[in-house]
Amino acid sequence: MPELPEVQTVVNSLLPHVVGARFIRVTTLRPDFIVPPGTDLPALLTGRTVTSIHRRAKRIIFTLDTHQRFLIHLGMTGRVTLHPVGSPPVRHTHVVLAVASPVRKSIEIHLCDPRRFGELRWLGDDTGEDGLGYEPLALRPRALAALLATSRRPVKSFLLDQAAVAGLGNIYADESLFAAGLHPLTPCNRITRDQAARLCRCIKAVIRKALYHRGSSLRDYVDAEGGKGAFQKLHQVYGRAGKPCRRCRTPIERIVLSGRSTCFCPKCQSAA
DNA sequence: GTCCATGTTCTTTA
DNA sequence: CTAAAGAACATGGA
């Protein structure tokens, strides 16, 4: 479900309901969804107010009035949705956060994640390094070129590496490479400065367009109000193996790279 | 039954 | 030593 555009859309749809609200009841239906193990989330959150919510890479970070923080990672199938107080949680709902605001009606945040690859991680006062690389929208051509020059790995693997560029996943890596006309197997250190600059522009263009369309809804993804994204309709290569390239009609190819399905146009994306 | 899935991390192999 | 490949996690849909 969640790459940068989807996670940002969730944050945007959560913001007006949750910033300034206070936790009035915290229910952990599945305690092992919360890390570190043994974290007493109800004790830590009840009575606290949310001062801000923001996205970093694919993580949703909540900051409290105590300056303590926690994050939600949606893994592959996670959902964060808003519901009226007292709504029965659907199957695979692991945490329910009820919040009240002086100016808005009370509401519940439900965290649901069938595959449980996601987590709610208590950060507390920790302000240490997060180990994540550049935000794609803040990436500069020279920084990207410098990073690429240090590696021989396939550029697709590089784009999936959160320690290099943080926030892209399988969909937006493939779409960015198509937009940039780069073959996914191209060794990073064989990418020219011009190609790197183009890739930098294309990553941003793809992400901005996906944000405008509120992300890609394939199976699970919805925003906090249950709304689906529309960017899946505009995918050029992702999930289109065997179908004609929208630009040149050549059948889209599918290979496996870094254990992930990788789709590209063999004609539009110059050979490695 | 089979294969596949928007993610991350650990282990094994080369 | 490094990097790539593979497996693992858990569930559901085609």
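We name chains A, B, ... by the order of the sequence lines, and we start the count at 1 in each one. Atom set for the values below is all heavy atoms of this structure, side chains included, hydrogens, waters and symmetry mates excluded.
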Integer-rounded Å distance: dG7(B) C1' and Arg79(A) CZ: 17 Å
Sugar-phosphate only, base, or nothing, as touched by Arg59(A) at under 4.0 Å among non-hydrogen atoms: nothing
Presence of Arg260(A) side-chain N/O under 4.0 Å of dT6(B) phosphate oxygens OP1/OP2: yes
dG7(B) OP1/OP2 closer than 4.0 Å to side-chain N/O of Lys58(A): yes
Side-chain-base donor-acceptor pair under 3.5 Å for Arg115(A) and dA5(B): yes
Atom P, compared across dT11(B) and dA10(C): separation rounded to whole Å: 16 Å
Watson-Crick or G-U wobble mate for dT6(B), both contacts under 3.5 Å: none
Out of dG12(C), dG7(B), dT6(B), whichever nucleotide has its closest atom nearest the side chain of His73(A): dG7(B)
Leu160(A) CG to dT6(B) P, straight-line distance once rounded to whole Å: 10 Å
Pair Glu135(A) + Arg56(A), salt bridge at N-O below 4.0 Å: yes
Arg25(A) side chain to Thr46(A) side chain, donor-acceptor N/O pair below 3.5 angstrom: no
Presence of His92(A) side-chain N/O under 4.0 Å of dG12(C) phosphate oxygens OP1/OP2: yes
Listed nucleotide nearest any side-chain atom of Arg254(A), set dA4(C), dT6(B), dA5(B): dA5(B)
Same-atom distance (P) from dG6(C) to dC4(B), integer angstrom: 13 Å
Nearest-angstrom distance from the residue atom CZ of Phe117(A) to P of dC10(B): 15 Å
Thr81(A) and His83(A): side chain donor to acceptor below 3.5 Å: yes
Nearest-angstrom distance from the residue atom NZ of Lys156(A) to P of dA5(C): 12 Å
Step-by-step side chain to side chain donor-acceptor pair (under 3.5 Å) determination, Thr77(A) to Asp113(A): CA-CA 5 Å; Thr77(A) 55; Asp113(A) 183 4; 2.6 Å; yes
Residue Pro114(A), side-chain heavy atoms: nucleotide from dT11(C), dG7(B), dA4(C) that is nearest: dT11(C)
Gap in Å between the two P atoms, one belonging to dC1(C) and one to dT9(B), rounded: 22 Å
Stepwise side chain to side chain contact (heavy atoms under 4.5 Å, CB included) test for Leu177(A) and Gln269(A): CA-CA 8 Å; Leu177(A) 289 171; Gln269(A) 297 174 257; 3.7 Å; yes
For atom CD1 of Ile207(A) and atom C1' of dT6(B), their distance in whole Å: 12 Å
Glu3(A) CD - dA5(B) C1' separation (whole Å): 12 Å
Residue closer to the 5' end of DNA chain C, Arg152(A) versus Arg219(A) (nearest nucleotide): Arg152(A)
NZ/Lys267(A): more than 12 non-hydrogen atoms of other groups inside 6.0 Å: no
Touch class at under 4.0 angstrom, heavy-atom based, for Gly259(A) against every strand present: nothing
Within one Ile-Leu-Val-Met-Phe-Trp-Tyr cluster: Tyr238(A) and Val165(A), side-chain cutoff 4.5 Å: yes
Side-chain N,O (Tyr238(A)) to OP1/OP2 (dT6(B)) below 4.0 Å: yes
Arg116(A) vs dT11(C): side-chain N/O to OP1/OP2 distance below 4.0 Å: yes
Gap in Å between the two P atoms, one belonging to dA7(C) and one to dT2(B), rounded: 15 Å
Watson-Crick or G-U wobble mate for dA10(C), both contacts under 3.5 Å: none
Distance, rounded to the nearest Å, where Tyr221(A) contributes OH and dG13(C) contributes C1': 21 Å
Separation of atom CG in Leu74(A) from atom C1' in dA5(B), rounded to whole Å: 16 Å
Toward the 5' end of DNA chain B, by each residue's nearest nucleotide, Ser261(A) or Gln162(A): Ser261(A)
